[in-house]
Amino acid sequence: MPNAFNFQSSPFDCLTKEEQARVRARVDVVYFPKNTVILEVGETPSHLFVIIKGRVVQMEENEIVATYDVDDCFDGRGLVAGKSSSQFLAAQEVVAYQLGRQTVSDLIASNISFGALLFSDLGQKLNVLSNRADEHQMQSLTLTRVDEAFLRPAHFVNSNATVLDVVKLFNEHRISSVLVQSFVNSQLGQTITAGDMNHPPGTPQTVGMFSSNDLQRAILSDPEHFQTLKVIDFARFNLISVKPSSTVGDALALMLRHRIHRLVVQEDDKINGVLESLDLFSFLSNHSYLISTLIEEAKDLETLKNAAHKITVMMRTLYKSGSKIHLICGLVQELNARLIEKAWMLIAPKDLIDNSCLFVMGSEGRGEQLLKTDQDNGLILRDGYTPPSDLQALTEQLSNALIDFGYPPCPGQIMLSNPEWRMTASDFSKRIREWFIMPSPARLMNLAIFMDADTVCGDAALLMQVRLSQMQFTTDNDAMLSRFASASNAFGSDSGWWNKILGMGSKHEAFSIKREAIFPLVHGVRSLALKHSIFQTGTVARIEELVQTGHLSAKMGLDLTQSLHLLIELRFKSGIKELESAQTISGRVDLDALSTLERDLLKDTINVVRRFKSLLTQQFKLDSF
């Protein structure tokens, strides 16, 4: 057996060295001419095939349901079951490795992951991948750059500062340390970032640190007069520093080695901030806590812009470290909501906030947005409330702030700065009724977008009031529900995008995963939720309630949930690559760039979407649309 066997492709990438050697010793090479039936329905497979060259198609009832290209393997399920449920046909001349049944059985017995990836369903495959990713999470986090962790701003005091002066700073800025300059010209209490720090000519630039621990020493040294003591007499000037480009692991090692709780982060003479042990440990365990703290303490929009950037960094770090995609989605939804809420609280007067409801919609409202996409938001005003005369300017300020944070404006102007998405609760209810009475495609799409609305600031009861009226209009109108659900079939043609997934379409053609897969799944679940008066906004939460109420089978519910997570992950992974190459996020996936396992999982997922669309066609009688 040649050493050319690709052990980097699934499921062989989980084999040990000994198991790889077993494969090399027992594998053979076989050739099939074009149009050869390699396996027939009902036939007992004797080998597992791994394609070296060519393409094989899997046929069921004269329809192609899957294709297999270089490094793909088949028919694992038939081999284990003892019977092939499909026909496998050589669509081109095929050269393949073949591995005997007994060898495959031995590998399955010795390696659970190999067996799961070889013949299990989508859920089991994803569980195996998830468990493998968890093993690498902590190691990857420790390789993160220090300047991507949570740095506290450097607060400086001069050598004349007293303990009382510093205690006031501790209380005002909610900090536990200050940097002490040994020269006397610096301004007490000034918060200086590295780029702002200017030393007077000819003065020494020695910097020390005075922390809460030093405060205790100062108080104990003179309990009666500690307020007037100079902090410079208790500050420590043998500071340990770390570069911004150093890894979090290096910083942690320094803290442990020197038994300290704070590191000064600096490059040459430029001080970037202070890294505290509590923040470092929080970063390793939960990035969201640090960003949440930054948002809560923000006093201006510029600080929130920094927090928005950190959310993106957090997402990339968590994903690359192996965190589960649905957990990342939950964290991002919570942080984005807090970010938008804080921005609105900095912009709008309290009276407006108390008498309105700011809400987000679309993937943000459902908790399924990772990378920043178009703004979808609106504002409900309390009936009888007179808003400020400058309401338009206030809403435009928020929209512009979100643009500055990285959220592009909505091309359809579905934003609170548009009066069409800013009105009283009664007017919103009337508008929704109009969408139902005269259901044009645009109005039904508005309805779909609004169904995903979630409160981020203000009185949530106002949004619930409108949603209750929405449900009253819909549940008795079967024709409208069918028309609403028909949008699940609006994008793509079955032969076109299915051939792309199967590898039969044009090469190097990007696949719009949102239009062709995510939208049919999400909108189908949304349609069922509308039909059965389910108020949940998240797709997964809707699926769970549909299963609990008996309107969706448990198997279909699980398949849809796992499929959604995989689709979101592939879209996110593609978006990260576009960001890293300074491209606009397109929401498209390059099929040629997918790994063998990713293609396999995507095929399984698309099959789930197709089965779900068939179910929707039956439930909503969509054949007439």
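In this structure, Lys603 is positioned above the aromatic face of Tyr68, its NZ or CZ under 6.0 Å from the six-membered ring centre and within 45° of the axis.
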Go through the steps to decide whether Asn6 and Phe12 satisfy the test side chain to side chain contact (heavy atoms under 4.5 Å, CB included), and finish with yes or no.
CA-CA 8 Å; Asn6 183 9; Phe12 299 95; over 6 Å; no

Arg571/Leu567 under side chain to side chain contact (heavy atoms under 4.5 Å, CB included): CA gap, chis, key distance, verdict
CA-CA 6 Å; Arg571 185 186 183 197; Leu567 294 169; over 6 Å; no

For Thr617 and Asn489, run side chain to side chain contact (heavy atoms under 4.5 Å, CB included): C-alpha distance rounded to whole Å, both residues' side-chain angles, the deciding distance at 0.1 Å, then the answer.
CA-CA 9 Å; Thr617 297; Asn489 296 323; 4.2 Å; yes

Yes or no on side chain to side chain contact (heavy atoms under 4.5 Å, CB included) for Leu107 and Leu99, after CA distance, side-chain angles and deciding distance?
CA-CA 11 Å; Leu107 291 172; Leu99 197 60; 4.1 Å; yes

As a quick check of understanding, evaluate salt bridge (Lys or Arg N to Asp or Glu O under 4.0 Å) for Glu18 and Arg22, giving each step before the final call.
CA-CA 6 Å; Glu18 293 76 11; Arg22 192 186 312 167; over 6 Å; no

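A 4.5 Å side-chain heavy-atom check between Lys531 and His551 finds every atom pair outside the cut-off. Counting heavy atoms from C-beta on, the side chains of Pro244 and Val146 never come closer than 4.5 Å. Looking at heavy atoms from C-beta onward, Glu364 lies out of side-chain contact with Asp376 at the 4.5 angstrom threshold. In this structure the side chain of Arg55 never reaches within 4.5 angstrom of the side chain of Ile51, judged on heavy atoms.
A salt bridge is defined here as a Lys NZ or Arg NE, NH1 or NH2 lying under 4.0 Å from an Asp or Glu carboxylate O, and Glu569 with Lys573 fails to meet this definition. A salt bridge links Asp452 with Arg542: the closest approach of a Lys/Arg side-chain nitrogen to an acidic carboxylate oxygen falls below 4.0 angstrom. Using a cutoff of 4.0 Å between basic side-chain nitrogens and carboxylate oxygens, Asp559 and Arg611 are scored as salt-bridged.
Looking only at atom types and distance, the side chain of Ser86 has a donor-acceptor partner in the side chain of Glu60 under 3.5 Å away. In this structure, a donor-acceptor pair under 3.5 Å is present between the side chains of Thr312 and Lys372.
Summarising the geometry of Val332 relative to Gln369, their closest heavy-atom pair is CG1-O, 3.4 Å, with the distance given to 0.1 Å. Nearest heavy-atom pair, Cys14 versus Asn111, reported as atom, atom and distance to 0.1 Å: O-ND2, 2.9 Å.
For the pairing with Ile543, the side chain to side chain contact (heavy atoms under 4.5 Å, CB included) check across Leu528, Leu564, Leu552 returns one residue only, Leu552.
We find the CG-NZ distance between Asp75 and Lys83 to be 12.0 Å, quoted to the nearest 0.5 Å. With rounding to the nearest 0.5 Å, the separation of SG in Cys329 from CE in Met315 is 9.5 Å. The CD atom of Gln536 sits 8.0 Å away from the CD1 atom of Ile534 when rounded to the nearest 0.5 Å.
Here Phe49 and Phe32 bring their ring centres to under 6.0 angstrom of each other.
With hydrogens and angles ignored, the 3.5 Å screen pairs a side-chain donor or acceptor of Arg101 with a backbone N or O of Pro45.
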